[in-house]
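Just follow the structure's listing: the first ligand is 1, and inside any ligand the first atom is 1. Computed from heavy atoms alone, side chains included, the values below leave out hydrogens, waters and symmetry copies. Just so you know, these numbers come straight off a predicted model, no measurement behind them.
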Amino acid sequence: MMRRKNGNKHDFTRMGTRKKVHAFVRVKPTDNFPHEMIRYGDDNKSIDILLKKDTRRGVVNNQQTDWSFKLDGVLHDASQDLVYETVAKDVVSQALDGYNGTIMCYGQTGAGKTYTMTGATENYKHRGILPRALQQVFRMIEERTTHAITVRVSYLEIYNESLFDLLSTLPYVGPSATPMTIVENPQGVFIKGLSVHLTSQEEDAFSLLFEGETNRVIASHTMNKNSSRSHCIFTIYVESHSRTLSDEKYITSKINLVDLAGSERLGKTGSEGRVLKEATYINKSLSFLEQAIIALGDQKRDHIPFRQCKLTHALKDSLGGNCNMVLVTNIYGEAAQLEETLSSLRFASRMKLVTTEPAINEKYDAERMVKNLEKELALLKQELAIHDSLANRTLVNYDPMDEVQIAEINSQVRRYLEGTLDEIDIINLRQIQEVFNQFRVVLSQQEQEIESALRRKYTLIDKNDFAAISAVQKAGLADVNGHLVGEPDGQGFGLGVIPFSFKPGKKIKSKKTFKDQLSIPVRKEGASSPLSTKELDISPSKTQLILPPRDGDVKDMRDRETSSTEPFPSDSPKEELRPPRPSTPPSKPVAFEDFKNERGSEINRIFKENKSILNERRKRASETTQRINAIKQEIDTTKEALNVQKALREKQGEYENKGLMIIDEEEFLLILKLKDLKKQYRAEYQDLRDLRAEIQYCQHLVDQCRHRLLTEFDIWYNESFFIPEDLQVALKSGCSIRPGMVPINRVVSLGEDDQDKFSQLQQTMLPEGPESVSFYNAKVKTEQKHNYLKAITGLQQVNKK
Ligand code: ADP
Ligand code: MG
């Protein structure tokens, strides 16, 4: 049985229902049916061909003489009615549910293919599958009042690899200017240029069929075509839309009714004994069809040669694939035709190996979808309105925002960023999205402003633009690391405070020297015998290591240390006493030397101390190792000497006293010595293990110190040469981030903007008198601090993420 309609395409595919092609045999009636040669199985599903030993063939005796073919049904003496019921009815009815269907008639010329497919056009009772299929389609459409179903038909003939439109003679079609071509697209295969005719009733469809049949006959005469060599494909296209407008899905399908060319073959040798000789098709395209069928039946083949000829190409999506497929093999019930009958039956059994996976061709009606969505949207808006009125939220608008509303949100965002607006009220989702949008707009505007402000004052060079950097370096404007060291016009941007450690005139050191100073020493300990962490006894009491101060330790440090330099600038009260800044900051290597001697001297001292402890421990470890090696050597020689003594004793004969062995003094001393050496060895080894643990710990501290030294230097460098003094002053000790830790461009831009403001204020307010300056100065500084704290809070949040 054919599958019944199933939910939708996806369900179907998921179930992966595969089914075989249905293959039937129809035997053409004859008066002298060879019962001894052709036998049907009791279930009417198998057919056996039995050949009596052919006396004429004489010599060949060992060849097969019996064949048995298992099929889906043998139609013997079957009426057109029964043939239709058996072969086509289900395929057609499933086509209206969206499944493609293909029915093909195959067989030698005169075996009844056309009779089966088209039938006798002059006798209604003997009409074939084609007119009956059309009738069934229209009958079902009438019954299916829930759907609007359209039917179209086309009639194609393939002769000698040329395509002919059997319906092109209709007055409204007219001859095509370009030859027809077979086109493939995701929806399937179609014939470009082939006329397709909408038919709203049975009668129209029949007219088209007759038109085509007439053309077939005429063409065979006028164009000298041998009609038995042509393939004819009549296609019924069905499109079914639900009359329920909310149903967006619709289905399409097509039924291909194929009347193939005669399948007779040519023997390779003479006519004698041709039954068992290899024979080839007269019609080449049938040979390609057979190849395609063999490939389709072979589960291992993934390439099917569809494009070898027009026939298989045109039928590409109708052979196998997702359609219901039926083959009717027409044979003669006559002894004289047994040879061709055998070939036809072989083809039929090959076809039976082909599996298909019928699936509904489901599509979506875009127009209906839009309409339905619009309806749903309107409904939801109403729903929201009700909800709002219940929740006392009046005047909430759910339509897209207009320019005025967006501008209002933009201004809210700006005020919020400035701090003049504490909160932005949430109204609805659209508004929230717009708020975020405007945040982005404002942010990018600010970025641009910052950049252009920077560009007004400085020459910005791309960090990766090496050519530009080297040019600037040549001009003496940038250090070796590509850091810009001032402005092209040579004017400082701060208030001109020089860091107290800065010594003008110092030469820039080479890159190598700087790197060398900061290079991390290669660790060598632990290379000879790695110790597991379990063995490590890390007790700080064993060493006199000094930990570098953390931010929180600053105060302790200052209490403890007597050093004249203040290690950290943030809470230094002597900030104001700094010498003025240089117009051009020193290069980093130079500055680093200064930093180590002055501001960073404390960290540097700790760093150096730890390093020297580390070196001392390393030295001791190496000495211990040497001692261990010496002891080991001595142990070995002592052992050897003992062995010699022992051998000597054994040679001389052993003395025993009450079960105790008696040994001489020399051997005894050697034993004592060995014992002592082993003890020493163990002790030294233990020392070495402890030392290694200390070295590891110490190394860690040295690394920490180095890192801290560099970090402090960077901060100091920024603060000393790049961050405006005002801003540093503005920052009170309450903040945990130090000015030098803030990315320089942010700090500088803030400073600059504020400075601009300051000069503007000075210009506009001076008329009030010089005493107003300090007032406004304070005001500006407060604002600066405010902005700066905001920037830092922002940064802290960014860092948290
Ligand atoms: P084909 O198309 O295979 O070359 P046709 O369908 O043209 O063969 O059949 C050849 C002749 O045999 C036609 O005159 C047709 O009417 C007749 N014929 C074929 N099959 C039957 C059948 N089952 N019953 C009656 N006549 C048949
Ligand atoms: Mg025919």
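- Protein heavy atom at the shortest distance from atom 17 (C) of ligand 1 is Lys28 CE, 4.0 Å.
- The closest approach between any non-hydrogen atom of Arg26 and ligand 1 is below 4.0 Å.
- Ring-centre distance between His126 and Tyr124: not below the 6.0 Å cut-off.
- Any N or O atom pair closer than 3.5 Å counts here, and Val27 shares no such pair with ligand 1.
- Remark: ligand 1 and Thr114 share an N or O pair separated by less than 3.5 Å (distance only, no angle test).
- Using a 4.0 Å cut-off to heavy atoms of Gln108, the atoms of ligand 1 that qualify are 3 (O).
- Between Gly110 and ligand 1, a contact under 3.5 Å exists for at least one N or O pair.
- Residue-level proximity to ligand 1 for Ser228 is absent, since no heavy atom of it falls below 4.0 angstrom.
- The closest approach between Gln80 and ligand 1 stays at or above 4.0 Å for every heavy atom of the residue.
- One distance of note links CD of Glu211 with CG of Leu167; it measures 6.5 Å at 0.5 Å rounding.
- If you run side chain to side chain contact (heavy atoms under 4.5 Å, CB included) between Asn322 and each of Asn361, Asp317, Thr356, only Asn361 comes through.
- Per-atom contact check: atom 13 (C) of ligand 1 does not touch the protein, criterion being a heavy-atom distance below 4.0 Å.
- When the options Leu345, Ile49, Asp48 are evaluated for a side chain to side chain contact (heavy atoms under 4.5 Å, CB included) with Ser68, the one that passes is Asp48.
- Test Leu315, Asn283, Asp259 against His231 for side chain to side chain contact (heavy atoms under 4.5 Å, CB included) and you get one pass: Asn283.
- When each atom of ligand 1 is checked for a heavy atom of Thr109 under 4.0 Å away, the hits are 4 (O).
- Between Phe33 and His76, a ring centre-to-centre spacing shorter than 6.0 Å is recorded.
- The shortest heavy-atom distance from Gly262 to ligand 1 is not under 4.0 Å.
- Protein heavy atom closest to atom 5 (P) of ligand 1, with residue, atom name and distance, is Gly112 CA, 3.7 Å.
- In summary, of the residues considered (Asp90, Val87, Thr102), a side chain to side chain contact (heavy atoms under 4.5 Å, CB included) with Val326 occurs for Val87 alone.
- Summary of contacts: the protein heavy atom closest to atom 24 (N) of ligand 1 is Tyr115 CE2, 3.3 Å.
- At least one N, O or S atom of Thr114 sits under 2.8 Å from the Mg ion (ligand 2).
- Cation-pi geometry between Arg152 and Tyr237 is not met at under 6.0 angstrom from the ring centre and within 45 degrees of the axis.
- Between Leu96 and Val137, some side-chain heavy-atom pair lies under the 4.5 Å cut-off.
- Between the OG atom of Ser46 and the CZ atom of Arg39 there is a distance of 12.0 Å, given to the nearest 0.5 Å.
- Neither the backbone nor the side chain of His126 comes within 4.0 Å of ligand 1, counting heavy atoms alone.
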